[in-house]
Structure formats: structure tokens, C-alpha cells
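Lettering of chains follows the sequences in order, A, B, ..., and the numbering in each one begins at 1.
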There are 2 protein chains.
Amino acid sequence: MITLKDLAATLGVSVSTVSKALKDSPEISKDTIARVKEIAKELNYRPNTLALSLKNRKTKTIGVIIPDILNVFFARILYGIEQESTALGYNIITCLSNESFEKENNSLHLLANGSVDGFIMSIAEETQSNGEVKHLKETINQDVPIVMFDRVANDVECDKVIIDDFNAAFKGTEVLIKEGRKKIVLINSLGGLSVGKLRVLGYKKALEQHDSYTGEALVINIDSNEALLNDQLEKIITEHPDMDGLLCIDNVSGIMSVNIAQRLGRKIPKDLSVLGFSSDEISHLSYPQLSTVTQHAEEIGQQSVRMLVERLENKTKGHTTTATVDFTIELRGTTLPN
Amino acid sequence: MITLKDLAATLGVSVSTVSKALKDSPEISKDTIARVKEIAKELNYRPNTLALSLKNRKTKTIGVIIPDILNVFFARILYGIEQESTALGYNIITCLSNESFEKENNSLHLLANGSVDGFIMSIAEETQSNGEVKHLKETINQDVPIVMFDRVANDVECDKVIIDDFNAAFKGTEVLIKEGRKKIVLINSLGGLSVGKLRVLGYKKALEQHDSYTGEALVINIDSNEALLNDQLEKIITEHPDMDGLLCIDNVSGIMSVNIAQRLGRKIPKDLSVLGFSSDEISHLSYPQLSTVTQHAEEIGQQSVRMLVERLENKTKGHTTTATVDFTIELRGTTLPN
DNA sequence: AGCAAGATCTTTAAGCGTGATCATATTTTA
DNA sequence: TAAAATATGATCACGCTTAAAGATCTTGCT
């Protein structure tokens, strides 16, 4: 690695002269500046980011903690985070909590010592169901800000980026109601997560509020293990022959349900209307293509970065914000054309 | 942030005493060690990684460059990388090249200045098709080692982790041949990538070598844009009514083909046997579940980390290795049971 | 012309947080 | 009481920035 010292030595000047020359300081003569720059280029000098970070007490690096990178939703959020950070001149250190509290906790401690300027994270399932928040509060108290997205801890005071899950499910359910469906079922594989709970509430509220819907509300909880998903869904579809509307609130069960229902002889969307929750790319995997409540995952990521950087660079103390990112409902082939 | 200085001040001893005490130096009295440790714990002291990195000239951080995080294959590799790095005490800085040469190049330059000890990467499509290697060679020459996985640059001398793509396609094709299929088609959406080319070669070789196969080889190149995939596949399946074996060499077109073919009235696997290339989780999305040539993505990631760390810690100079990670063929529902 | 006061350019020194080496001070032992 | 053991402190270096000091050359004024 080439350092300022090396440049100084080859030119026979002092380190500080080189340093100043490289940033066009008016203190340094045009001539010297030119000479320094030339040799710097020739030797392919790059300032050592570590040294700069140490000096400036900031790293221009964001710690990102993702619960599950194999979930397209999170992968896409990471994509958004990466894009926006790069645009704003930040790097990201990515940690995968793998839904484990311990890993999440470790990552936080490992990086909250000057390695990153702040965190962007969605909390692990385990953390959420156990209601663990100490590690989060501690980090914030040490002046390392956190922005939480999607899965947030309500009793931690920090910036947040969420979807209006209640409303998303509400509007989604309305789509099915307005089609005149008589038995609309919600399949829930999100277990103890707050987002799942909110979606169930939105679904129930919509059914209640529309007099045109005369059926019952039926929420079926299933195991989220993907290997078991096919069998569970097949069982549900078989056991509910009169089901004509289906709301799947996770990424993949909508796709699977469409494929299974068709194999079992249901016409989609005629006999059964299916609405999933996910982003575009996965909806292509079924035929007809899955209609979805689309969460703008990329936007969630970008927004999170913007909020964190705002806080870092303007030193916004106190006063936290919660941003809600819009959802859209995209009707493709598994619901009736309107 | 709490520093050694802070601890020293509160205890009324010197910084070096604190530093030594924290690492149980025999130079320091039991008594002082205890006192230092107690207050360190109380104030929640964590050594500043940045300062350590600067001092030790190594960061214990790996730069990871991924072409496309929305591709499950890469997401899963990242998963493996993260697991193994954490296990070996390394952090990862993740950059997404998004298949662009420029982003790849930038990331490399941005981090190859002491920010990371080495890189693990798969080169961007653009980089590969243009045959750009200067940035890679430069990095290696600056003594920052690179491990490439999956998509590798043949004329760059570095450690590599690959799949035996030729053989994977060869064996996969053999499965279909042994079923007695008469018209086996390969659908290629991987365009200019080396892996795609190797798979096509393996397929052709298998067809040639088996006298029992009397049909032709037919490679159909398609656009990889997922939004267009459905239509393209439907067209292919419609136009080739006599096709009875299908090899899809990317992640998703196998799934789509199965769903489309069934909708068009083909019985799977009776009329048409389909074999995809992907990892487990995505194969669940079709019914019957897709039979696949499974690439052990996680293992590829882990192996890459092991090779890099080996080089970093043992200062293995010169002498590069290429590791081949096994593939397995997993017959699920879209091929005949054997 | 003579010389203080600027103007211009360069170097010195300190500090970011650590750890290693070397030096110093205090106590114990032979 | 000198030598050895014990405990602590001072200093430097990692690569960089920056305030302050130093050195050299111009300028302006009597």
C-alpha cells in the first residue's frame, strides 16, 4: 500500500505538504501541487480509509442487519439500501441475523464501537417474539443511531420505515369482496410477527365493514417451513371446496396456491381469486401471474438510508420519525379483471 | 464512545496500564487488572476496531461483490459467505455490482486501500462479456487477494471456486436420455456467460455420446428478462408439441415451464420431463416439485471464504487453487421416478 | 539603500485509539 | 546494599489532517 509517507519520501518533501497538495490547498505552490499529483497518480496512491475514519470519528459506513437474505422481500430491500448508500457515499457492512437474537446481538456489539456510523435493520423473529430490546436501546444510547424497517420494535425510540400493513390487507381484502366473493380465507404463515398480526386485523376489519360480504372470516395459520408448504396448502384447498377468495400474506404461498389449485381443477380466477403479498419478480412464477399487494421493498431500503444519513449528517438529536412507504395493489391474472 | 484514555482517566492510571491489564499482561498486578476490568465492563468499553486495524495492518474484513442479489443462487452464496466469515471471525462489506462493470470497478477501488483484507466476488456479466480484467489484476498486484466464484475470469491468476458446469449439464441430460426421451430441448437464458456456454456443451456432449438418443440437439436462446419469460416459454412449449424432455439451465424458467406446460394440458412428468438448475427453495414453487441439478450455493460461499482466509492468514504467496464444488441431481416430481 | 512588514511556501507537532518497546519507580530478596 | 523482581508509565508508530511555527522571498516606506 502506498502512503503519504511514501510519496513524501520519493519527492523529498514533508508528509503534510503532500497531504495539502492533494487537496489543492492554497498554501501550496502550483508547481508542487502538480508534482505531487503526478507522482500520486503514477504510484496509484489511494488514501487509507481506515486512517481517515479514525481521524474524522466517522466511517461513512452503515451496518445492515437482515433477518433472512433468502427471502426476496429482504433481498430486495438490501438492494435498495445498497443503491442509496452508494449514491450518498456510504458503504454497507452486511450481517445476517438468520432470525436469531444472538446473532443480531453479536453483530450489533461487534460493530457499535466505531466500525459503523449507524445501523439499518429489521429485527429477528426471535427478538420480536421474545420482546428483547435492551441491545437496541443500548446501541442508541451509545450514540449509534438505528433505523428499523418493516419489523420494528414499538418500544424503542428510533427512526422507522414501515408499510401500513393493516391498510394493505384491508384494501387487498376489499378487492376480493368487490368481486362478490362469498368465502374469503386468509392464510397466515407469519406467526408471531407484528406485520402478520396487522394484516390479519386489516382483513377482518374489511370483512366486517362490508355488508355485501355475508361469509365468515377464516384465518388459517400454517407453518412457514417451505418444504411443508405445498402439503399444507393442498390440504387447505381440498378441505375448503367452497373457498372462492384467498389472501396469502407472505411471499410465496400465493404462488404455490395458484399452482396447486389449478392442478386440483379449480379455474383461476373464475372459481378462486388469489391475492398475494410480495414484490414483482416472484409473481411471474405462477400462471396466471399472481395479483399482489406489492410492497415497494426497494423504496423501503432507500428511505431507510435517507433517514439514517439525514440523522448522521445533520446530527438530528432526539425527535424520531416513522415513515410509511406506500403499497400498491397490482392486479394481474389471479383476480378478476375490473 | 469509551476509549482506553477514558478508562485511564477514571482510574487515575496510565493508558498503557489499562491496555495491558485488559489483556491480562503478567506485568500488571492482579489487583489493578481486576479494577480495570471492572470499570471497563461497567462503562461498556469496546476496543475500537478501526484503530486496531490501522495498527495491525489488517482489518479482518472481507469485501464481497455480488452481481445480482435478487438471484436466489447468489443470495444463497452470500448466505454461505456470511456464515463462514462470521465463524472465522471476519466481517463482510457487501457491494452489489448489479452486473455493471463500472460498479464492480468502483467497489474494488474503493475498498482496495486497506478497508478490506481481500475480496470474494463473482464477476459482472458486463465485465465477463467485455473481457475486462485490468482492475482485477491491479488489485491482486497490490497484494489484495481475490477469490472468484461461479463466474470466473480465466486469465486472472487467483483462487477460484466453481461448479463443474459441463459435467452438471452432462449428467442432467443423461437423466432425460435414460428415461427414453426422444426430443430433449435446452433453454438457455444465460446468454454470454461462461457457465451457460459450458452447460450447453455438456448437454450436447451427452446427446452425442448416447446412441440410445436418436433425436437432435436443440438449444433455444431466450431473453433473461423475467417479465418476458412467461410468454417466451409458452411460445416454445406450444411450438414444440413433440418435445418430451426439457433442460432449463437457469433458476426460474424450470418452474415456469412446469406451470405453463400443465396449463397447456401436458402431463408432467409423463408427457414432458423437466429438469432445472437451481437450489432447493425455489423448486418448491411448482407442482409437481421441480427436479433439479442442484448447485450447492451455500457451500460455494463457504469454500470461498475458507480459501481466502487460508491465503490471508498463511500468507500463501503465488500458487493459486481452483476448487470444484459438487453438484447433486435431485429428482423430485418433474422427472420420472427411477 | 535599509529594514520592518507582508506574502508565500514548507515543515513541525499533535492527535484520532491501540499496542509494543523501553524506561522508571518501588518493593523484595540474596 | 546491590541485584532482582514487580508494577507502572512514557514514547512511538500505524496513516492521515490541521493548527501553528518556521523559512524564504517581496513589498513598501522612510
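Just one of A:L50, A:L54, A:N48, A:N56 meets the side chain to side chain contact (heavy atoms under 4.5 Å, CB included) condition when paired with A:L52; it is A:N56.
In this structure, A:L11 places its CG atom 15 Å from C1' of C:dT11, rounding to the nearest Å. Rounded to a whole Å, the CG atom of A:D31 is 13 Å from the C1' atom of C:dT10. Computed from coordinates, the B:N48 CG to C:dT18 P distance equals 6 Å when rounded to whole Å. Between A:L22 atom CG and C:dT10 atom C1' the separation is 15 Å, expressed in whole Å. For the pair B:K58 NZ and C:dT18 C1', the computed distance is 15 Å after rounding to whole Å. For the pair A:R57 CZ and D:dC16 P, the interatomic distance rounds to 19 Å; values are reported in whole Å. Regarding A:L50, its CG atom lies at a distance of 15 Å from the C1' atom of D:dT17, rounded to whole Å. Rounded to an integer number of Å, the gap from B:K23 NZ to C:dG19 C1' is 7 Å.
Side-chain atoms of B:S16 and base atoms of D:dA10 include a donor and an acceptor less than 3.5 Å apart. Taking only distance into account, the side chain of A:K20 meets the base of C:dT11 through a donor-acceptor pair shorter than 3.5 Å.
Of the charged side-chain nitrogens involved, none lies within less than 4.0 Å of a carboxylate oxygen, so that B:R76 and B:E299 do not count as a salt-bridged pair.
For the pair B:C95/B:I66, no side-chain contact is recorded, criterion being any heavy-atom separation below 4.5 Å from C-beta on.
An OP1 or OP2 oxygen of C:dT10 is reached within less than 4.0 angstrom by a side-chain nitrogen or oxygen of A:T32. Note on B:S29: a side-chain N or O is less than 4.0 Å away from OP1 or OP2 of D:dT8. Taking 4.0 angstrom as the limit, B:T17 places a side-chain polar atom (N or O) nearer than this to OP1 or OP2 of D:dG9.
B:S19 comes within 4.0 angstrom of a base, heavy atoms only. Across all strands, B:L4 comes closer than 4.0 Å only to sugar-phosphate atoms, never to a base (heavy-atom distances). Backbone-only contact: A:L52 has heavy atoms under 4.0 Å from sugar-phosphate atoms and none from a base.
A donor-acceptor pair is defined here as one N or O able to donate and one able to accept, closer than 3.5 Å; no such pair exists between the side chain of B:Q302 and the backbone of B:E84.
Rounded to the nearest 0.5 Å, atoms CG (A:L308) and CD (A:Q303) are 11.5 Å apart.
Projected onto DNA chain D by closest heavy-atom contact, A:K5 and A:N56 fall at different nucleotides, the more 5' of which corresponds to A:K5. Both B:E27 and A:Y45 lie near DNA chain D, and the one whose nearest nucleotide falls closer to the 5' end is B:E27.
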